[in-house]
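Computed from a predicted structure; not experimentally measured. Residues: numbered from 1 along the sequence shown.
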Amino acid sequence: MQVRTPDSHRPDSDRPDYHRPDTVGDALALLAGGEARVLAGGTDFFPALGGRRPRGRVVDLGRIAALRGIARQRDGWRIGAMTTWSEIARADLPPLFDGLRLAAREVGSIQIQNAGTIAGNLCNASPAADGVPPLLTLDARVELAGPNGPRELPLGDFILGVRKTALAPGEIVTAILVPDWSPAHSPVRTHFLKLGARRYLVISIAMVAAAVALDGTGRIGEARVAVGACSAVARRLAGVEAALRGAEASGTAVRAAVAEAALAELSPIDDVRASADYRRDAARELVVRTVMAAIDQGAQR
């Protein structure tokens, strides 16, 4: 369905060519018609206009029911692209998703969480996107639909840089796929922490997500750690993960392991929020706190 904004003082060519399709197929048909912009919540889309009227075709995905909701699948979970952060925060999900649900509560303000979507957060490709680090620790994949059919990409291959993604012309994100992860000895425990200058509506200085599973001896058997806002794209920290495997699940041991690990994946910048050195130090401290919070939460279950 096409909706035009009434404005008798402007020619039709200057009015937004705004569409709200009902199906994925209809959305792809609209996108195939040439230059078009996708609207997936609008919490980044409209501020980026700076008060200006959007030009060209706008395809709003908000009416497509198939892009909403969280569903259990045979080998994991499917989060629809238009699922909002409020819906994720309130969803009845297993402990594997604790870190993602914590991140959902940190996205902007309550109003932004009610409108902002998981796919919009990923496609905006901000280095400080709250949803990316926890999804990286879950080995999430991005499901896409486009003129050449459906495809999937690991999240780490989807976000290519600042405001850059692997979306091909005419493609949209349809879902985020999270595989099951069931280590042999204990369930996975996840957590998320964010450092900023204030509680809400803040661009992070650093953020960390961690997923930890203990082995049969009470040591860390598996660890996944991702850091955002300290490089052009949020990154998993391979050196930290390797240092944590086999470490005792205690604050002293975790701090020692993290202190010795390289943070080669990070390339923080100096800006008005923090210096590069501060960001690197903050990230290392946040890793320790996030890992320990995940371990402690698991012990309380």
Side-chain angles (χ1 to χ4, degrees), residues 70 72-79 88 91-104 130-141 154-157 176-195 206-228 230-231 234-266 280-301:
I70 303 172
R72 182 77 171 95
Q73 297 186 317
R74 180 175 58 83
D75 55 356
W77 295 80
R78 185 179 191 274
I79 305 174
I88 292 171
D92 183 14
L93 292 167
L96 179 67
F97 289 90
D98 284 354
L100 181 62
R101 294 176 66 202
L102 287 168
D130 296 299
V132 178
L135 288 170
L136 285 173
T137 64
L138 297 177
D139 272 353
R141 298 179 65 83
L155 177 56
D157 294 338
I176 311 304
L177 307 176
V178 177
D180 285 329
W181 182 22
S182 301
H185 298 292
S186 73
V188 179
R189 301 127 180 225
T190 65
H191 202 77
F192 173 85
L193 288 175
K194 172 178 176 176
L195 175 64
M207 66 180 82
V208 173
V212 180
L214 304 186
D215 64 19
T217 68
R219 292 176 175 269
I220 298 174
E222 294 290 338
R224 298 175 184 172
V225 177
V227 173
C230 290
S231 51
R235 298 288 188 190
R236 288 267 299 270
L237 303 185
V240 170
E241 294 176 356
L244 287 171
R245 292 188 196 104
E248 292 182 4
S250 68
T252 300
V254 167
R255 185 171 294 279
V258 173
E260 295 175 1
L263 303 181
E265 296 86 355
L266 303 187
R280 191 178 297 274
D281 290 343
R284 197 180 291 275
E285 178 62 26
L286 281 178
V287 168
V288 174
R289 297 187 186 188
T290 308
V291 169
M292 285 310 305
I295 291 171
D296 291 343
Q297 277 191 344
Q300 295 170 12
R301 292 189 188 280

So, do Leu135 and Ile176 sit near enough that their side-chain heavy atoms are less than 4.5 Å apart?
-> yes
Taking only residues two or more places apart in sequence, or in another chain, which ones meet Trp77 in a ring pair (Phe, Tyr, Trp, His ring centres under 6.0 Å)?
-> Phe97
Are more than 12 heavy atoms from other residues, nucleotides or ligands located less than 6.0 Å from atom CZ of Arg78?
-> yes
Atom pair CG (Asp130) and CE (Met207), whose distance is rounded to the nearest 0.5 Å = 4.5 Å
Of all heavy-atom pairs linking Ala140 and Val178, the shortest is CB-CG2, 4.3 Å
Donor-acceptor contact below 3.5 Å, side chain Arg189 vs main chain Val212 | no
CG-CG distance between Asp180 and Leu96, expressed to the nearest 0.5 angstrom | 8.0 Å
How many angstroms lie between atom CZ of Arg236 and atom OG1 of Thr137, to the nearest 0.5 angstrom?
-> 7.5 Å
Considering all heavy atoms of both residues, which atom of Gly156 and which atom of Leu136 are nearest to each other, and what is their separation?
-> N-CD2, 4.0 Å
Any donor-acceptor N or O pair under 3.5 Å, side chains Thr217, Asp215 | yes
Determine whether Leu263 and Arg235 make a side-chain contact, defined as any pair of heavy atoms from C-beta on separated by less than 4.5 Å.
-> no
What closest approach, in Å, do Val291 and Ala210 show between heavy atoms, and which atom pair accounts for it?
-> CG2-CB, 3.9 Å
Can you check whether Leu214's main-chain N or O pairs, donor with acceptor, with Ser186's side chain at less than 3.5 Å?
-> yes
Scanning both residues in full, the closest heavy-atom pair of His191 with Ala293 reads CD2-CB, 3.4 Å
So, the side chain of Glu241 versus the backbone of Val225: is there a donor-acceptor pair under 3.5 Å, distance only?
-> yes
Calculate, to the nearest 0.5 Å, the distance between atoms OG1 and CG belonging to Thr190 and Leu100 respectively.
-> 8.0 Å
Got Asp75 and Pro179 here, is their nearest side-chain heavy-atom distance under 4.5 Å?
-> no
In short, side chain to side chain donor-acceptor pair (under 3.5 Å) pairs touching residues 242-262 with sequence neighbours left out are Arg255-Glu285
Could you tell me the separation between the NZ atom of Lys194 and the CG atom of Leu102, rounded to the nearest 0.5 Å?
-> 12.0 Å
Under the 3.5 angstrom rule, does the side chain of Arg284 hit a backbone N or O of Ala261 as a donor-acceptor pair?
-> yes
Separation of Arg224 CZ from Trp181 CH2 (nearest 0.5 Å) = 4.0 Å
Heavy-atom distance under 4.5 Å between the side chains of Leu237 and Val208, does that happen here?
-> no
Ala234 versus Gly228, closest heavy-atom pair with distance = CB-CA, 3.9 Å
Indicate yes or no: at least one non-hydrogen side-chain atom of Val227 is less than 4.5 angstrom from one of Leu286.
-> no
